[in-house]
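Report on one structure; see the data block that follows.
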Amino acid sequence: FLLNNAIKTSKYNIFTFLPLNLYEQFRRLANAYFLFLFFLQLIPQISSLPWFTTAVPLILVLAMTAVKDASDDIVSCEVRCEPPNNRLDKFKGVLTVNEQTYALDNDKVLLRGCTLRNTEWCFGLVVFGGPDTKLMQNSGKTTFKRTSIDHLMNVLVLCVSLPSMLSHHITFVAFISLLSGVDAALSSFLSFWSYIIVLNTVVPISLYVSVEIIRLGNSFYIDWDRKMYYPKSDTPAQARTTTLNEELGQIKYIFSDKTGTLTQNIMTFNKCSINGKGYGEQVNFSWNQLADPKFVFHDHSLMEMVREGNPEAQAFFRLLALCHTVMPEEKREGELFYQAQSPDEGALVTAARNFGFVFRSRTPETITVMEMGNQVTYELLAVLDFNNVRKRMSVIVRSPKGKLTLYCKGADTIIYEKLHPSCKKLMEVTTGHLNEYAGDGLRTLVLAYKDLDEDYMDLWTQRHHEASTAIEEREEKLDELYEEIEKDLQLLGATAVEDKLQDGVPQTIEQLAKADIKIWVLTGDKQETAENIGYSCNMLREEMKEVFIVAASTTEGAFALENNLEWELLRTACMCQTVICCRVTPLQKAQVVQLVKKYKKAVTLAIGDGANDVSMIKAAHIGVGISGQEGMQAVLSSDYSFAQFRYLQRLLLVHGRWSYLRMCKFLRYFFYKNFTFTFVHFWYAFYCGFSAQTVYDEWFITLYNLVYTALPVLGLSLFDQDVNDRWSFQYPQLYSPGQQNLYFNKKVFVRCMMHSCYSSLILFFIPWAAMCDTVRDDGKDVADHQSFALLVQSCLLIVVNVQLCLDTHYWTAVNQFFVWGSLAAYFAITFTMYSNGMFFIFTSSFPFIGTARNTLNQPNVWLTMFLTTLLCSLPVVAFRFILIQLWPTINDKVRHKVQKEGLPAPAPRRPPARRISTRRSGYAFSHSQGYGDLVTSRRFLLKRPLKSRTALFTQTDSPLAQNQPQHYRTITEDLEESQSSEK
């Protein structure tokens with residue numbers, strides 16, 4: 001049969017009605033009880049009443065209920081629509097109710113996660129559910145994220161465990177073949193499995209337990225960091241996963257949303273141009289009792305013009321008070337709250353309000369405005385709504401005097417095409433103002449109007465009604481009507497709205513760029529808006545002469561993410577210093593991230609604040625959510641979250657770098673101590689006939705990873721740092737080794753194995769040579785297995801602790817306690833387990849009776865420990881000294897500077913440079929179509945107040961969290977300055 005996407009709300013059909021309805025009714029306990037009574041009455045031996053006394057009323061109840069259920073189901077509606085897809089801006093369907101058919105389009109659809117406001121009640125129908133919803137179709141798949149170190153460890157474990165066991169097996173086969181009278185096949189088979197047990201300490205289970213403890217601890221550091229706490233919204237940073245911390249120290253590409261992530265998503269009305277004159281100086285609005293106290297504008301002359309009754313100025317703000325889709329809310333007299341489709345619209349209506357044109361209320365047919373203290377009600381005849389193609393919005397209103405006027409606002413490039421030829425000179429002056437506003441990174445909008453004839457309007461209204469009710473080609477017919485009436489407009493002026501960057505965004509981007517992290521901005525906004533934000537946050541700079549644009553004018557033309565062109569897109573983008581992708585859908589954001597992951601093999605991070613960023617956050621190796629104005633969907637899908645973009649530099653340059661450094665140190669040291677431990681067994685196999693006898697005491701083998709070496713390595717992995725957070729900010733280049741994976745890779749692993757092999761040779765043969773043919777002071781023999789085992793394991797524990805001390809750069813009291821405490825615990829446990837008392841109580845479990853006191857009281861044993869430790873440690877110290885002198889790393893240079901200076905010099909304050917540009921900013925309407933149909937309907941509801949939450953911290957942002965501009969110097973420059981000062 002053929003599958004279709006018809007969604008039926010009816011529960012029954014003609015065949016399933018009877019069984020399904022009876023099943024539903026008998027799920028009621030009362031009906032089931034009476035049915036049970038009916039069956040009992042059918043048994044004459046136990047029933048004194050005839051069966052119909054129960055059957056008749058039961059049948060009547062069931063029949064009446066069935067009729068009711070059938071009638072309810074028959075009057076239900078049926079929807080036929082397009083199959084599930086990821087198109088957020090399109091929907092086609094047909095609703096059939098009571099044999100009447102209605103057209104369904106995107107205006108009739110609420111996406112998953114939307115909040116319905118200004119509506120007391122409504123009828124709803126679920127069209128797509130679960131994974132079929134449009135947002136889920138755009139959100140991508142949720143995958144289990146693993147770090148690159150996890151993948152490398154999996155490979156290394158396989159590459160180490162099997163070869164080490166096979167090498168023992170091959171050596172044993174060669175050894176056993178030299179003996180006669182021995183079943184070589186059986187012996188080698190048994191020996192293979194015996195050594196699998198003995199050599200399991202190469203990769204013990206404690207490795208993975210320790211890794212998770214380290215990750216958990218480093219996650220707590222992020223949660224507890226007060227410098228990533230935002231007091232204004234009482235929002236601390238949160239590590240929502242504990243498995244990806246070290247990956248934060250290896251980020252190469254950052255994919256960021258724009259609105260709400262780089263910007264505050266809070267618009268302010270800054271400047272305007274009216275009738276060829278620009279305005280923009282601070283104004284005192286205390287004269288206006290209905291003014292918004294938060295609104296600030298910088299020009300007294302404009303205020304005076306409005307109050308004096310200048311017709312152009314008043315027409316300018318009258319347009320802003322009428323041409324919008326804002327919903328008003330007045331809880332108390334004079335306290336107005338606006339619910340706007342976009343922050344831009346809210347800023348413009350608020351500006352009109354403060355200049356005396358207060359939008360008070362609306363109905364589907366009227367708009368009420370307080371004009372300089374006088375209430376005026378306009379009849380709303382039509383709303384010519386915004387969409388991404390029109391890039392403008394118009395309203396047609398009738399004043400109380402009967403005057404018909406069309407008010408229009410939109411992108412300058414669009415409005416200029418609609419102006420009357422008489423506006424040419426004014427347009428040139430206004431263009432100069434627009435260029436000036438663009439130089440300040442403001443979002444601009446052009447305003448125009450047109451007086452209409454009553455007869456023409458009657459005819460146009462009739463045609464508009466016919467087009468708006470058409471089922472086919474409705475949008476095309478409406479667009480033709482809009483084009484017809486929106487021409488020969490008169491220019492009023494232009495507005496300039498600022499979408500302020502979040503605090504510290506330019507400095508954060510500058511710091512991350514110096515750390516050689518590539519930042520790509522993926523936004524649904526228009527190109528003009530994204531470009532201006534790029535200049536504002538220093539991603540784009542005027543010295544970048546070769547700024548070029550790859551664009552498509554149609555949806556079908558934008559196929560750069562197709563398989564045949566995706567490599568060319570990536571190759572071109574990677575040659576650029578800055579990449580900004582505009583007008584991208586949520587799914588396309590994820591595709592861009594996956595494209596970089598696929599071909600560049602680099603660690604990626606995606607950061608956003610809204611539901612449209614979820615797919616990108618899921619696709620990246622690391623997803624970061626910002627809790628801002630767009631809700632919590634991005635945060636809930638993220639791996640890490642905080643309130644401000646500026647905290648990203650601390651997350652990466654401090655927590656990420658430290659986590660990667662600590663994890664790599666842990667792995668290097670852990671493999672070193674366990675390989676050294678295990679390789680000693682290999683050398684001992686040649687002296688025990690490959691019998692799988694252990695060189696150590698069984699209790700030492702049990703406690704080696706569990707007790708003796710567990711806490712010191714955890715102390716190293718939780719507290720160590722090469723330099724503090726201030727030096728990490730001062731020199732972002734410290735981040736680059738993690739991007740290149742220099743601290744732990746296959747080469748480092750092989751070097752670790754070679755180091756372990758050398759140490760194991762020293763640890764086995766030095767004690768063996770020292771105890772061979774050796775006697776005690778009283779002439780008794782010392783060279784027994786128990787004494788040798790005690791000496792080897794004591795040397796091993798001292799050597800690995802000395803190695804840990806050499807690896808530690810940042811000592812704390814906890815580190816000291818763990819190291820010395822572990823050594824003390826070893827000797828205390830050893831003397832206890834080798835005591836007479838333990839032997840008498842558990843004879844078979846503690847056979848090493850008296851070994852500790854008889855061996856450790858000999859001077860040559862302690863001398864052997866010292867010699868072994870010296871031979872194991874001196875080559876390491878010498879090798880590291882030569883490396884630092886001849887090939888110092890960036891970490892070595894900075895640590896040397898830290899030793900000389902202690903703390904970095906404070907960063908100088910630098911005022912932000914004003915950008916002079918001819919690029920014109922475009923007005924950023926919302927990503928979807930406007931709300932014109934909503935404001936002409938009767939679906940209004942007051943907004944519910946938000947609940948507040950008590951503050952988590954009372955401390956405000958520290959000076960470091962304020963993200964003042966960071967002063968950046970290279971190591972070479974610093975050394976040259978210090979040398980010149982010494983001279």
Side-chain angles (χ1 to χ4, degrees), residues 1-11 13 73 75-116 119 122-142 385-390 466-480 524 552-563 583-591 610-616 618 633 926-934 937 939:
F1 58 91
L2 296 177
L3 294 176
N4 60 64
N5 197 49
I7 296 178
K8 296 183 179 180
T9 59
S10 58
K11 294 184 293 185
N13 58 39
D73 197 57
V75 298
S76 296
C77 59
E78 180 181 60
V79 175
R80 296 186 179 274
C81 63
E82 62 187 10
N85 59 74
N86 55 27
R87 292 291 302 274
L88 296 176
D89 58 338
K90 297 290 183 182
F91 181 82
K92 294 181 180 179
V94 175
L95 172 67
T96 303
V97 179
N98 298 330
E99 299 183 356
Q100 294 186 5
T101 301
Y102 302 89
L104 296 180
D105 56 20
N106 205 47
D107 294 334
K108 310 299 189 302
V109 174
L110 284 177
L111 297 180
R112 178 182 181 270
C114 287
T115 300
L116 191 63
T119 305
C122 71
F123 291 106
L125 176 69
V126 176
V127 179
F128 300 133
D132 290 339
T133 59
K134 287 182 177 286
L135 275 181
M136 291 301 294
Q137 292 274 317
N138 272 275
S139 66
K141 295 181 179 179
T142 301
D385 211 353
F386 162 84
N387 61 41
N388 291 333
V389 178
R390 284 170 41 77
E466 294 174 356
S468 61
T469 56
I471 296 179
E472 296 183 358
E473 298 182 352
R474 181 189 306 174
E475 295 180 359
E476 291 78 4
K477 294 177 180 179
L478 288 174
D479 286 340
E480 291 179 5
S553 57
T554 63
T555 304
E556 291 74 16
F559 53 85
L561 289 173
E562 298 295 332
N563 291 331
R583 282 301 185 201
V584 289
T585 66
L587 185 59
Q588 288 173 332
K589 290 183 178 182
Q591 289 175 336
N612 60 338
D613 303 314
V614 169
S615 58
M616 174 177 69
K618 289 182 177 180
Q633 281 134 328
S926 69
H927 189 67
S928 62
Q929 185 151 335
Y931 292 165
D933 291 341
L934 174 63
S937 67
R939 294 167 284 176

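This structure is a prediction, so every number in the text was calculated from the model and none was measured. Residue numbers run from 1 in the order of the sequence given.
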Item to complete: For residues Lys477 and Ala467, report the shortest heavy-atom separation together with the two atoms involved.
Response: CB-CB, 3.8 Å

Worksheet, complete the sentence: So CD of Glu475 and CG of Leu478: to nearest 0.5 Å the spacing works out to 8.0 Å

Practice prompt. Drop me the distance from Gln591's CD to Gln588's CD, to the nearest 0.5 angstrom.
Written response: 6.0 Å

Worksheet item: What is the minimum heavy-atom distance between Phe128 and Glu82, and which atoms define it?
Response: CZ-O, 3.3 Å

Worksheet item: Of all heavy-atom pairs between Leu587 and Ser615, which one has the smallest distance, and what is that distance?
Response: N-OG, 4.0 Å

